[in-house]
Amino acid sequence: MSDLNIFREEARAWIRENAPRSLWGTSGSGPFEGYWGGSKDLEADPDILGWRDRGIEKGWTAPSWPKEYGGGGLSVAHEQIIHEELKAIGVPRPIAGQGLAMFGPVLLQYGNDEQRAEHLPKIARGEVRWCQGYSEPNAGSDLANLQLRAERDGDEFVLNGQKVWTSHAHLSDWIYCLARTNPKAPKKQMGISILLADLGTPGITVRRIDLISGYSPFCETFFDDARVPAKNLVGELDEGWTIAKAILGHERSSIGRSIARQPGSAEREVVARARKHLGVGHGPIPDPLLRDEVAGLGMLEEAFHLTLARIEQSSKSGTPGPEGSISKIVGSELKQKRFELGMKVAGILGLGWEGPGFDDDDLEYTRDWLRSRATTIEGGSSEIQKNIVSKRVLGLPEGKK
Amino acid sequence: MSDLNIFREEARAWIRENAPRSLWGTSGSGPFEGYWGGSKDLEADPDILGWRDRGIEKGWTAPSWPKEYGGGGLSVAHEQIIHEELKAIGVPRPIAGQGLAMFGPVLLQYGNDEQRAEHLPKIARGEVRWCQGYSEPNAGSDLANLQLRAERDGDEFVLNGQKVWTSHAHLSDWIYCLARTNPKAPKKQMGISILLADLGTPGITVRRIDLISGYSPFCETFFDDARVPAKNLVGELDEGWTIAKAILGHERSSIGRSIARQPGSAEREVVARARKHLGVGHGPIPDPLLRDEVAGLGMLEEAFHLTLARIEQSSKSGTPGPEGSISKIVGSELKQKRFELGMKVAGILGLGWEGPGFDDDDLEYTRDWLRSRATTIEGGSSEIQKNIVSKRVLGLPEGKK
Amino acid sequence: MSGHTAPSLLLNDEQKMLSKTAHEFVRKRAPAARLRTFRDRKDEVGFSREIWKEMAQLGWLGLQIPHEYDGLGLGFFDLCIVLEESGRELMPEPFVSTLLLGAQALLLGGTGAQKKALLAGVAAGEKLVSVAYEERGSRDFRHVETVARASDDGFEITGEKIQVLDGHLVDAIIVSAATGGGAPTLFLVDSNAKGVTTTQQFRIDGQSSAIVRFENVAVALDSVVGELGKGAALLQTVFDRAAVGLAAHMLGASEQALADTLAYLKEREQFDVPIGSFQALQHRAVALYTEIALLRSVVLAAARVIDEQPEEVPRFACLAKALASETFLHVAKEAIQMHGGIGVTDEHDIGLYIKRAQATYMTFGEPSQHRRRWAELHGY
Amino acid sequence: MSGHTAPSLLLNDEQKMLSKTAHEFVRKRAPAARLRTFRDRKDEVGFSREIWKEMAQLGWLGLQIPHEYDGLGLGFFDLCIVLEESGRELMPEPFVSTLLLGAQALLLGGTGAQKKALLAGVAAGEKLVSVAYEERGSRDFRHVETVARASDDGFEITGEKIQVLDGHLVDAIIVSAATGGGAPTLFLVDSNAKGVTTTQQFRIDGQSSAIVRFENVAVALDSVVGELGKGAALLQTVFDRAAVGLAAHMLGASEQALADTLAYLKEREQFDVPIGSFQALQHRAVALYTEIALLRSVVLAAARVIDEQPEEVPRFACLAKALASETFLHVAKEAIQMHGGIGVTDEHDIGLYIKRAQATYMTFGEPSQHRRRWAELHGY
């Protein structure tokens, strides 16, 4: 038996022994599903807190980070086995969120030792929660157009400007953000740096954003002469764009996959809604047009999952195909179609916003439907994805825009 | 009773008296439906020739042209009444085609007296058939890119180059074409002139083009040191583009309308094919998905015809809306959808190219389906039409392309 | 329908003036942003009674109501002009409940006394009337579980209707209830009648509605609207008109959503150019414009046909509502997408359009139901 | 189907080599332009017997045929690799008739003697076999008007089949005919048998086919393929495989049509730029690329499933054929549109793709039929 197989058995045993029963089957075990920690979003469930503590103890909140930074010192392959074994029984990771999934890896790769020592252990212990400050009102698809100014003043940078879509900023302790440190750089991709800021810094304010679906984790974060120590610069001054692009690429490829739920689940969900709302407990859906649409959705879903599987298999075999770039496009379209069809079968019972006469499932579904309109916009709009595929995969000539 | 109403009664009476019974109900009476005349496409039907002769005699082959040029000397309003009365009983115009519909009006507006006197009477008498030389292999959507060279040499222009999509060139006697008379002009829209050429001129050769549907009236026309008298220049030297644009605009707005057949006919045609091929003589089309698609087609057709009616009513009332620009887009899509659906209901019996096992109607339908693929390309592709609407109607900023 | 046989699709000078005045009124007085205010304070009315009154004073509520009931005695076509403008700002005022359902039911099936009692009040903006026909257990208005049992001097109605538009606000409700044999009959019920209770509902589109419960509600014989047992046919005729009127509202909403989107495409810059200079977005905007142009023709024709060719109404009602549903929803989705991130925020108005689009899509029949009926009407 | 339970969708090294070799062979030896030549001379065969022989010599016709019949004994997956490449140039050679219909019917239902008589010849490129199932009067293969009447020592078959692929060229025909009770049975008939007559047909897609008439054709008892009265079930199994194989062919055709279109978009200039720099065309090209990427996953999975998970074949056959039909037709239409004028001329190859697309769309079930079956298989 190979080392990894032995490790898998150990991991499986440890997880099943230590993960509280109440958490089994509660999570897809993804990097963003579970308790995010930090000082503001206090968790009361003792099982969740206990599981966090067992994970910290074991070093498995960040299995592949060095032990000196609170990690487990394991290889990425070992880490993946842990996550697979969690997923197998639907137990969330002991801690989840931006810090572990996105910011920690950035700091490991681009930060300095002092920064790593300061920030990583607190992330691994779930003490500090991070959020990301990228987009701005005039820097969405054209992210490089960002205008948050960071001016050096002695040992500090003075930040002025605004970030938007800073998810969970109201629940976070720190933010890592892109700022313009040299407004005179010859190209707008130049002169950008990555800075870290304590959200408690005077001059930083956070405002929540509601979506058409209602409550959302999105925020706007305003900077008004907010002073940040110069040591909070990650990487080289004015050279943050390269790092930012790497993070974005990682994010894009993970979004398509994150949309993917259990294969067949979208189809089953819509069928169940059809049965509920059309009053047919079993057998064929009586409306042949609806049935045809549901089957079309089911086929698209299956094709999408098979394509994800193919991409995964190809990348494992060392010959990743260019199809990865389309998973965001297809995944988000699939998600929208699912909710559109689920709304269609509900008829007027899908029109509730709140209150009497609508059941909770239907109310939630309607909010999810509205929320799904953002799927083709966030994380790089479908239009941007198509531009990328057109240029990088199909090799079509750059338009003059 | 108004003058026009009196004239309508006279026209109706004359037409019903003179139009041979065999021609009643044979035509939509449009400007391109009927006998095109000329020296090459000889017609044998004595009724058609007789009707032509009665029309010439009466001056009603070109009712609104001046009498001196073989016309009827009537107003455009009178001409329209004649055409409406022809349409009312489905009798073709005494002569139809490019010369009367397109070239004659150009010559009337932009030609000189000598040119009018030379060419118009022969058109009005159906003696000379004309074709149009606009597109070239490298000048399709980008028509102004045309390269047919016309160099002045004494009293002649020497033509070298090629035209394509010269419909019916093989049956025509003359061609009016756009040629580049000044290759050094600062913009490609400048330095273009309109020239007339006898297709019998040495150096001009015509080659037929087959389409995916088989035989077509399209040709390529090659010019190899073809010499044309300088007096065949229409309008000012190097200033032909303005005239060409006017002709094109006229052509575009007429194409959408020309696609429009009898309202409801597309729907009835597809229903009839469904009945034939699904073996149901009456009652609902049994496949609910097909029935839904047919109804969708019928609705689109009705909406299209209502929109054409609205455009017509608006233009009569002197306030034409901008909707006219979309009739080509919608009309061509409607046509393609009609044939796609008609093919769908035929199943494998729609797969015949020729010969045994397929009936003539199905064979013709299949060719028409293939031919319909050109509808969104010819006469200004849908893409070009959309660019025009985007810019001129919606006022969206010109892309850098 | 060829040029010379199509109904007239043009507005006369008075109608053009009406359109312009209504446009200005709606855009100025009734901005879509109101919907958020009503929603956030859980407003018990959900619209502005003052604006409704003002529109009455301008004559707009009585446009189609005959002179004898203090209306202007014009046509349904004229009413549709105002409805179209009401759609631009997604007005939640009781157009559908009162003008398209209640008043049409009375005009088509009401007795002289019923009309007299209500229509003048409707024209004056003082009375609201709705039709209660949706039930939880049935998606077909021909099948009702609410029953009207014959009593000594009339009927007793028992049952529950849901999402009755303005049901908690109206003065009178026309309710469908099964009489002998199960066929529905329409009854005019005073909202204050004993046994009528209402519960306000909150929908995504901000259109006021309520659950209306009837518990042994006694009504007299002369409260029948139309004929006994023939409520389904009357309702169908009412819905045909209501569908056309709603389609006019949806046309206006689609036009405004596109107009706002075009403005945004011209103003929003990314990559140093207005995003409206990107050809992919241009072609999609043209597609929306094209759909709306077709919808406009169809709505005008359907409205005209209601006034002039009653036998053609079912065909045109199917056509108008099917196209309106597909077009409005498509426009609303694209409008959000082209607005990008701010398009999905609650604070921007453009996101309100998709909520109304979904609600209107589901009202008076989905497109596939209209296509099926269209096919039947065309004999296939 | 999630990552770890999905069938393997990758080619091993031998399969990659096979794909490459087949690709080069097809592109070099069998260009689509041949279709015009065959068509214009009304070629009695409609394909190249030499090329078919060469492919046999390369082992490609016997890839999936067991060793005992001189095949390579590999899988259906391997066969699909060659089929995909055959689609790139719309090869009219008898892949469908012989490898996807005839051979599969024999493999799935043939007796030892039947297999022995034909399969080695198929692998060698020397024998052609087709299945005759389409009739003029029925669109459901379960219902046949051709009858097989029991005779003293077997059956007598009478009836007419249409568009039998390569029907005028094959050595043997497997024909569906109604036996007792009307249920179809499959019979293996020698093409030279008395009473068999064929008439060549000419289809838009250049796939050779014929009307095959059976007039009291006597066949022995041992000519039954599969079981008596169970022809429909066997045919369904054959069609499932054939649909997947045809989907592989359609995948290749879609890929080549897109590749040719992309090349044209890069090369053709209008307005002084390559037309491929126009964003509206770019986004449409990406849509095609995306559809093809999904189709590729589905075809690979379906082919693998035939070899490894027989119980899953119906589901995957529906999926593969439905997607292949929609994708190929969409790609073919867009390919013509993006080629503009020359796209609709007979002399350019791109127009050939839409003809094959329409024909394959109609073969082995249209998408809506597959979606209906998919729904049934999923219990709704």
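Lettering of chains follows the sequences in order, A, B, ..., and the numbering in each one begins at 1. This one's a predicted model, so the numbers in the text were calculated from it and none came from an experiment.
When each of C/Ser368, C/Ser8, C/Pro274 is scored by its heavy-atom pairs under 4.5 Å with chain B, the top score falls to C/Ser8. Among B/Glu383, B/Lys386, B/Arg310, B/Arg275, the residue making the largest number of heavy-atom pairs under 4.5 Å with chain C is B/Arg310. Of the listed residues B/Val389, B/Ile285, B/Asp292, the one with more heavy-atom pairs under 4.5 angstrom with chain C than any other is B/Asp292. Counting heavy-atom pairs closer than 4.5 Å to chain C, the top residue among B/Val271, B/Ile329, B/Val280, B/Leu300 is B/Val271.
Heavy-atom minimum distance, C/Ala293 versus B/Ile326: CB-CD1, 3.4 Å. When all heavy atoms of B/Glu302 and C/Phe316 are compared, the pair lying nearest together is OE2-CZ, 3.8 Å. Heavy-atom minimum distance, C/Leu10 versus B/Ser314: CD2-OG, 3.6 Å. The two residues C/Cys318 and B/Met299 have their closest heavy-atom pair at O-CE, 3.6 Å. Contact between C/Pro7 and B/Leu306 at its shortest, heavy atoms only, is CD-CD2, 4.3 Å. Across every non-hydrogen atom of B/Ala303 and C/Ser297, the tightest pair is O-CB, 4.4 Å.
Only the side chain of C/Leu300 comes within contact range of chain B, judged by heavy atoms closer than 4.5 Å. Of the atoms belonging to C/Leu323, it is side-chain heavy atoms, and not backbone ones, that fall under 4.5 Å from chain B. B/Val330 touches chain C through its side chain: at least one heavy atom from C-beta onward sits under 4.5 Å away, while N, CA, C and O do not. Both the backbone and the side chain of C/Ala285 have a heavy atom closer than 4.5 Å to some heavy atom of chain B.
For C/Gln282 (side chain) and B/Glu398 (main-chain N/O), no donor-acceptor pair under 3.5 Å exists by modelled atom type.
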